[in-house]
Amino acid sequence: MNRRNFLGGLAALLPGELLLASQPNRGKLVIVGGAEKRWKDRLILRSFLEHAGGASARVCLLVAASSEPAEAAASYLRAFSDLGVKDCEALPVVDRVGAFLPEVANSILQANAVFITGGDQARLMTALWETPALAALHQAHHLHGCCIGGTSAGAAAMSRHMISDGAAVHRARKGVVGTDIGMGLLTSAIVDQHFSERRRLARLISALARRPDLLGVGVDENTALVIDGEKGIEVVGTGVVTLVDPTYARTNIDGLEDDGLLELLGLQLHTLPSGHRYPVTGSAGAAWPPELLKAVQRLVQPGPVRL
């Protein structure tokens, strides 16, 4: 466990640090697999705006994951402007100094939507971890109904247990994936992005072998998983969301050396194509395999609010 994970574990035990997120005004999460089209049809950005309240929404951009934040901000400002958004600002957060600015937290708390761009999720979390900006993101999402979207690195950092590094591998192996603490807006899953395009199934399975208590969510490019805590989930865009459930799997990981081939027996995998919805209320879920319904119910459950 690295220093950030160790300190994060201690922080979770401190009184007043976390509150149970049972509030009814929780916003939606839009988890994008990267490479979303910012020109022409803009399916993903249009969907994000729809869940944020439309073109009249106040939108904040968080570009701290990018190695070229000014260029990333300009690209998304132009894209949202073309979609009719009048109130869109790039937050001045490129490092931890910016994440402590009072005006940053105020902007987040007043926003209808926050969109987190791609880049490097480790860079993003170095800037955000244990800062007022991260606390404001939690408060805005869980208490104010703010829609939060993230693409590529911004998607990977949605989860509490975050893939931080590791090349795609052809076979699931022990010790080939680095993990760290993410934003914690999605606490029941590990997110991987550019999923089918970069052949990351074995990488995600390798991460899940160490954390069979979590679900694996692999999101294709130009595709988004929308999580609505009151209704269920929806897949939008042009690709597929791959849902991997290791709950009932048996693995040999404890007896392996690093780089050893993993055995996982009883692993469950669901492919959810774009254009499909999976509600957790009503009778629609009755026709699904019960394991899928349970997995979707876990995805929409709120985690704790970090304040």
Side-chain angles (χ1 to χ4, degrees), residues 3-5 7-12 14 16-19 21 23 25-32 48 52 57-74 76-77 80 85 87-162 164 180-187 191 302-307:
R3 184 172 181 271
R4 184 191 296 167
N5 286 347
L7 292 176
L10 289 180
L14 296 176
E17 280 289 313
L18 300 177
L19 297 175
Q23 295 79 6
N25 198 28
R26 181 184 173 206
K28 299 179 179 65
L29 294 177
V30 181
I31 303 172
V32 187
F48 172 72
R58 302 185 67 178
V59 179
C60 289
L61 301 175
L62 182 55
V63 297
S66 176
S67 61
E68 299 180 339
E71 289 81 354
Y76 281 97
L77 285 169
F80 281 116
V85 178
D87 190 352
C88 183
E89 67 168 316
L91 298 170
V93 180
V94 295
D95 53 26
R96 292 186 63 78
V97 174
F100 277 91
L101 294 173
E103 58 265 33
V104 167
N106 289 337
S107 290
I108 292 171
L109 292 174
Q110 294 171 19
N112 303 113
V114 177
F115 193 84
I116 306 167
T117 67
D120 181 344
Q121 55 264 40
R123 181 188 294 116
L124 174 65
M125 290 311 303
T126 296
L128 286 184
W129 181 245
E130 295 291 343
T131 66
L134 181 58
L137 283 169
H138 271 258
Q139 185 176 343
H141 173 65
H142 288 294
L143 306 180
H144 299 175
C146 180
C147 176
I148 298 183
T151 183
S152 191
M158 290 278 192
S159 53
R160 174 69 173 171
H161 191 70
M162 176 188 80
S164 58
D180 211 329
I181 293 180
M183 292 185 291
L185 296 169
L186 179 65
T187 56
V191 176
V305 185
R306 180 168 291 278
L307 300 176

Return the minimal non-hydrogen interatomic distance between [X] and [Y], and the atom names on each side.
X	Y	value
Pro132	Phe100	CD-CD2, 3.3 Å
Gly184	Thr187	O-CG2, 3.4 Å
Ala153	Ala65	CB-CB, 4.1 Å
Asn112	Ala52	CB-O, 3.6 Å
Cys60	Ser107	SG-O, 3.7 Å
Leu77	Ala90	CD2-N, 4.3 Å

Hey, could you give me the [atom1]/[atom2] distance between [X] and [Y], rounded to the nearest 0.5 Å?
X	Y	atom1	atom2	answer
Lys28	His141	NZ	NE2	10.0 Å
Leu185	Arg160	CG	CZ	10.5 Å
His138	Leu307	NE2	CG	8.5 Å
Met125	Glu130	CE	CD	9.0 Å

Sub-4.5 Å side-chain heavy-atom contact between [X] and [Y]:
X	Y	result
Thr131	Val104	no
Met158	Leu29	yes
Met162	Ile181	no
Cys147	Val30	yes
Tyr76	Thr151	yes
Leu62	Leu124	yes
Met183	Ile116	yes

Quick one: does [X]'s side chain have a donor or acceptor within less than 3.5 Å of a partner on [Y]'s backbone?
X	Y	answer
Arg96	Thr126	yes
His142	Arg26	no
Asn106	Leu109	no

* To do: Tell me, please, which residues at least two apart from Ala72 pass side-chain contact (heavy atoms from CB on, under 4.5 Å).
  => Val63, Ser66, Thr117
* Tell me, with the steps shown, if Glu89 and Arg58 meet salt bridge (charged side-chain N to carboxylate O under 4.0 Å, His left out). => CA-CA 8 Å; Glu89 67 168 316; Arg58 302 185 67 178; 5.3 Å; no
* Whether Phe48 and Phe80 hold their rings parallel, tilted or perpendicular, with breakpoints at 30° and 60° -> tilted
* Asked: Knowing that exactly one of Asn25, Val114, Ile108, Leu137 qualifies, which makes a side chain to side chain contact (heavy atoms under 4.5 Å, CB included) with Cys146?
  -> Val114
